[in-house]
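All ligand and atom numbering here is 1-based and tracks the order in the structure.
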Amino acid sequence: MKQRVAIFISGGGSNMVRLVEDMQAGDHAGEPVLVLANSADAGGLEKARAMGVATAVVDHRPFRGDRSAFENALQAELNKVSPDVLCLAGFMRVLTEGFVAPWEGKMLNIHPSLLPKYKGLHTHARALAAGDTEHGCSVHLVTPALDDGPILGQATVPIMPGDTPDDLAARVLVQEHKLYPAVLRRFCAGDQTLLSL
Ligand code: GAR
């Protein structure tokens, strides 16, 4: 039996595309069962449909001020497809402990920094401002604390003189597209040892 994988996105979904492509390439213990976005405008939705993956939208805006109602609606969509694994791939809403706890050990996230450095937003600008010579991305298991949880894989990139945050983001994204599929492939096969790229 394959591991049923759901993916949450908020935007263009380039990481989601790489995850789905890798699962569809064969010889993979996971299969994509749902791509869910928190906005109908998320560009990744159309890409998911084009790859033959079911999609859903739970717009966060009508739930403003009631995070648990939003999270109940997310969980209701998941219940329809019974996933085994949940991947956050550029999903830009904070999830509370009420949602995260039942998924602990089964929910992965990709974050554009070498965690534990630079949790939260603006990671590329913060790495530049700190004068770092190296930056990267991490895939980790999601726990209730933001961008925390056991690290499953990391990929590094050099920081070049004169880099802007956009330059650095583009360089990191190339590595994200290698790291996340590689980690998910291993995770679905039961391997949670650290991967370093
Ligand atoms: C990626 O760089 C991902 O690491 C980041 O959002 C981007 C989504 O791009 N995630 C976060 O910042 C989460 N805190 P994508 O939609 O093209 O995959």
Practice task
Give yes or no for whether the N/O distance cutoff of 3.5 Å, strictly under, is met between S14 and ligand 1.
Solution key: yes
Practice task
For this output row, return yes or no: ring centroids of H124 and H135 closer than 6.0 angstrom.
Solution key: yes
Practice task
Using distance alone, determine whether D147 and ligand 1 share an N or O pair under 3.5 Å.
Solution key: no
Exercise for the section: State which residue, out of L19, V17, V20, fulfils the side-chain contact (heavy atoms from CB on, under 4.5 Å) condition with P181. Expected result: L19
Exercise for the section: Might you point out which heavy atoms bring D27 and R185 nearest each other, and give the distance in Å? Expected result: O-NH1, 2.8 Å
Problem - Taking atom 16 (O) of ligand 1 as the reference point, the nearest protein heavy atom with its distance - result: G13 N, 2.9 Å
Practice task
Write out the residue and atom name of the closest protein heavy atom to atom 13 (C) of ligand 1, then the distance separating them to 0.1 Å.
Solution key: M92 SD, 3.8 Å
Completion exercise
In this structure, atom 9 (O) of ligand 1 is nearest to the protein heavy atom N15 ND2, 4.1 Å
Problem - Check: H111/T123 side-chain N/O donor and acceptor closer than 3.5 Å - result: no
Practice task
Check whether any heavy atom of I110 sits under 4.0 Å from an atom of ligand 1.
Solution key: yes
Problem - Nearest non-hydrogen protein atom, atom 12 (O) of ligand 1 - result: P112 CD, 3.5 Å
Exercise for the section: Using distance alone, determine whether G90 and ligand 1 share an N or O pair under 3.5 Å. Expected result: no
Fill in the blank from the handout: Correct closest heavy-atom pair for K2 and G30 would be CD-O, 4.0 Å
Handout entry: Short side-chain to backbone donor-acceptor contact, H140 and D148, under 3.5 Å
Key = yes
Fill in the blank from the handout: Of all protein heavy atoms, the one nearest atom 14 (N) of ligand 1 is H111 ND1, 3.6 Å
Exercise for the section: Verify whether one side chain among Q154 and S196 offers a donor that lies under 3.5 Å from an acceptor in the other. Expected result: no
Problem - For atom 4 (O) of ligand 1, closest protein heavy-atom neighbour - result: E176 OE1, 2.7 Å
